[in-house]
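Structure first, commentary second.
Counting convention: from 1, in listed order, for ligands and their atoms alike. On a predicted model such as this, the values are computed, not experimentally measured, just so you know.
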Amino acid sequence: MSTPNSDSHANGNGKDPVAAWSPSSWRSKPVKQCPEYPDLKALRKATAELEQLPPIVHPYEINKLKENLRDVAQGKAFLLQGGDCAELFDYCRQGVIESKIKLLLQMSLVLIWGANKRVVRIGRMAGQYAKPRSSPMETVDGKQVPSFRGDILNGYHLDDRELDPQRLVKAYNHSAATLNYVRAALASGIADLHRPLNWGLGHVKDPELKAKYSEAVRFLTDMIRFSHTIGADKSSEISTVDLFSSHEGLLLEYEESLTRRMENPAYALPGEGSRMEYYDTSAHFIWIGDRTRQIDHAHVEFFRGIANPIGIKVGPTTPVSDLLELLRTLNPSREVGKITLITRYGADKVRELLPNHIRAVEGSEYKGCVIWQCDPMHGNTRSTGSGIKTRRFNDIFSELQETLQVHQEEGSYLGGVHLELTGDAVTECVGGSEGLDEDDLSTNYTSFCDPRLNEKQALELTFLVADHFRK
Ligand code: PEP
Ligand code: MN
């Protein structure tokens with residue numbers, strides 16, 4: 001596990017040779033958001049257990065996603081990534097998983113119609129259990145208690161807030177069970193387009209919007225019927241889809257334990273020789289959060305050694321000069337599509353900040369190398385007068401629209417969206433055609449972390465993006 005990997009980690013910036021990397025080399029760096037487990041023996045027992053367990057995802061699947069992401073970076077496909085802010089172990093249920101798969105599928109159909117491109121789907125699911133927090137403690141009912149840090153670390157209930165290392169093993173089990181059902185449901189035709197989809201546009205009151213959405217639905221229904229008539233739907237391309245898994249790679253003890261040196265299947269062909277790589281087998285795609293992307297810190301150190309495609313959150317606190325340094329550290333060989341820059345500024349800041357970030361990257365040796373993805377959620381979180389965390393649909397849409405426009409002006413390609421959403425009828429974000437307002441938030445507010453778009457709001461946002469592409 002801890003043998004330094006000397007095969008493939010040369011520095012791209014031509015300065016000092018890069019120090020040897022290993023799955024545990026992050027431990028010698030300063031680390032943010034790191035849990036202080038009181039019982040180190042129990043932690044060691046849990047990570048030893050994880051190290052014995054099989055990979056959750058396979059390098060073959062990771063390579064497949066990388067091929068897809070290469071197409072996204074080159075403007076040939078669009079990336080849709082979505083799911084909960086904080087996934088709970090309790091969401092590992094048939095209905096919850098199915099409603100999310102169906103929503104992502106439906107959204108991708110709308111995007112295919114709008115952008116006229118293939119859509120690559122990644123769920124924020126099957127492992128999105130660790131949350132960065134602004135403070136390790138919070139006040140509840142006048143009492144100071146440890147903050148909820150995600151099910152992989154502690155529990156939401158007040159008597160469950162102590163860090164428990166056995167949760168690492170539970171996270172593995174819930175992640176594996178979720179992904180197992182995703183794979184089984186997809187292989188059994190949950191994404192089969194012969195099944196009627198419920199587009200439920202009844203809530204859309206604005207006649208112009210309703211006409212627009214109805215046109216898209218008519219087109220999609222006709223297209224599906226037509227494919228069926230000519231037999232084109234028999235191809236596995238249409239009757240089944242891929243859904244890849246992702247989460248924030250925050251808890252490095254967990255990520256390290258699931259990082260394995262394995263053969264890269266792309267080189268395992270006769271005459272190709274073989275090539276060993278380190279794969280983080282906890283998910284197909286992991287990302288570095290906004291609070292942990294310091295260049296000389298532990299998270300960047302861990303991420304620079306894994307072969308998975310990775311994301312980096314980029315926001316108002318990302319200096320332009322850090323961007324290139326991050327790319328050079330994390331992707332010295334300039335693999336196309338290896339890095340997704342997930343931008344999240346806030347509706348009121350995107351126009352001021354995004355152009356310089358685009359120019360820095362696209363004006364460098366990384367031109368055409370990254371995927372630009374818009375996360376219109378995290379820069380638009382606010383609290384109501386009574387202290388409920390929410391987001392306005394209009395702010396979310398406005399950041400997305402501005403981002404699309406800025407990319408168009410700069411001659412770059414916005415290759416994807418990153419959304420917090422759920423297939424359930426929650427009332428956490430205000431606005432949208434349903435007209436949810438602050439008084440409605442208490443009706444069905446179930447998120448334990450950030451507010452998510454509900455099914456109707458998520459579809460509506462997708463229609464609006466599709467509309468942009470069709471203009
Ligand atoms: C998140 O994606 O849930 C998150 C915490 O985002 P960010 O790191 O961008 O704040
Ligand atoms: Mn969030």
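With ligand atoms numbered from 1 in the order given, ligand 1 contributes 8 (O) to contacts under 4.0 Å with heavy atoms of Gly289. Applying the 4.0 Å criterion to heavy atoms of Arg124 picks out, from ligand 1, the atoms 1 (C), 2 (O), 3 (O). Atoms of ligand 1 lying under 4.0 Å from any heavy atom of Lys131, numbered from 1 in the order shown and given with element: 1 (C), 3 (O), 5 (C).
Of all the listed residues (Cys449, Gly311, Pro132, Ser134), Pro132 holds the heavy atom that lies closest to atom 5 (C) of ligand 1. Looking at Lys313, Glu248, Arg133, Arg344, it is Lys313 that brings a heavy atom closest to atom 2 (O) of ligand 1.
Among all protein heavy atoms, the one lying closest to atom 8 (O) of ligand 1 is Asp290 N, 2.8 Å. For atom 4 (C) of ligand 1, the closest heavy atom belonging to the protein is His378 NE2, 3.4 Å.
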| task | Could you go through the side-chain hydrogen bond (donor to acceptor under 3.5 Å, both in side chains) check for Trp372 and Glu362 one step at a time? | result | CA-CA 11 Å; Trp372 293 98; Glu362 300 298 337; 2.8 Å; yes

| request: Show your reasoning for whether ring-ring contact (aromatic ring centres under 6.0 Å, His included) applies to Phe469 and Phe78. | output: CA-CA 11 Å; Phe469 282 116; Phe78 192 80; 5.6 Å; yes

| Yes or no on side-chain hydrogen bond (donor to acceptor under 3.5 Å, both in side chains) for Glu138 and Ser147, after CA distance, side-chain angles and deciding distance? | CA-CA 5 Å; Glu138 64 174 338; Ser147 302; 4.9 Å; no

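When only modelled atom types and interatomic distance are considered, Ser433 and Glu460 share a side-chain donor-acceptor pair under 3.5 Å.
With the Mn ion (ligand 2) at the apex, Glu420 OE2 and Asp450 OD2 define an angle of roughly 130° (rounded to 10 degrees).
Residue-to-ligand polar distances place Glu420 within reach of ligand 1: an N/O pair is separated by less than 3.5 Å.
With a 6.0 Å cutoff to the six-membered ring centre and a 45° limit on the axis angle, Arg161 counts as a cation-pi contact of Tyr156.
The Mn ion (ligand 2) lies under 2.8 Å from an N, O or S atom belonging to Cys85.
Here the options are Asn68, Val119, Leu69, Leu111, the test is side chain to side chain contact (heavy atoms under 4.5 Å, CB included), and the partner is Leu79; only Leu69 passes.
Using a 4.5 Å heavy-atom threshold, the side chains of Phe448 and Phe148 count as touching.
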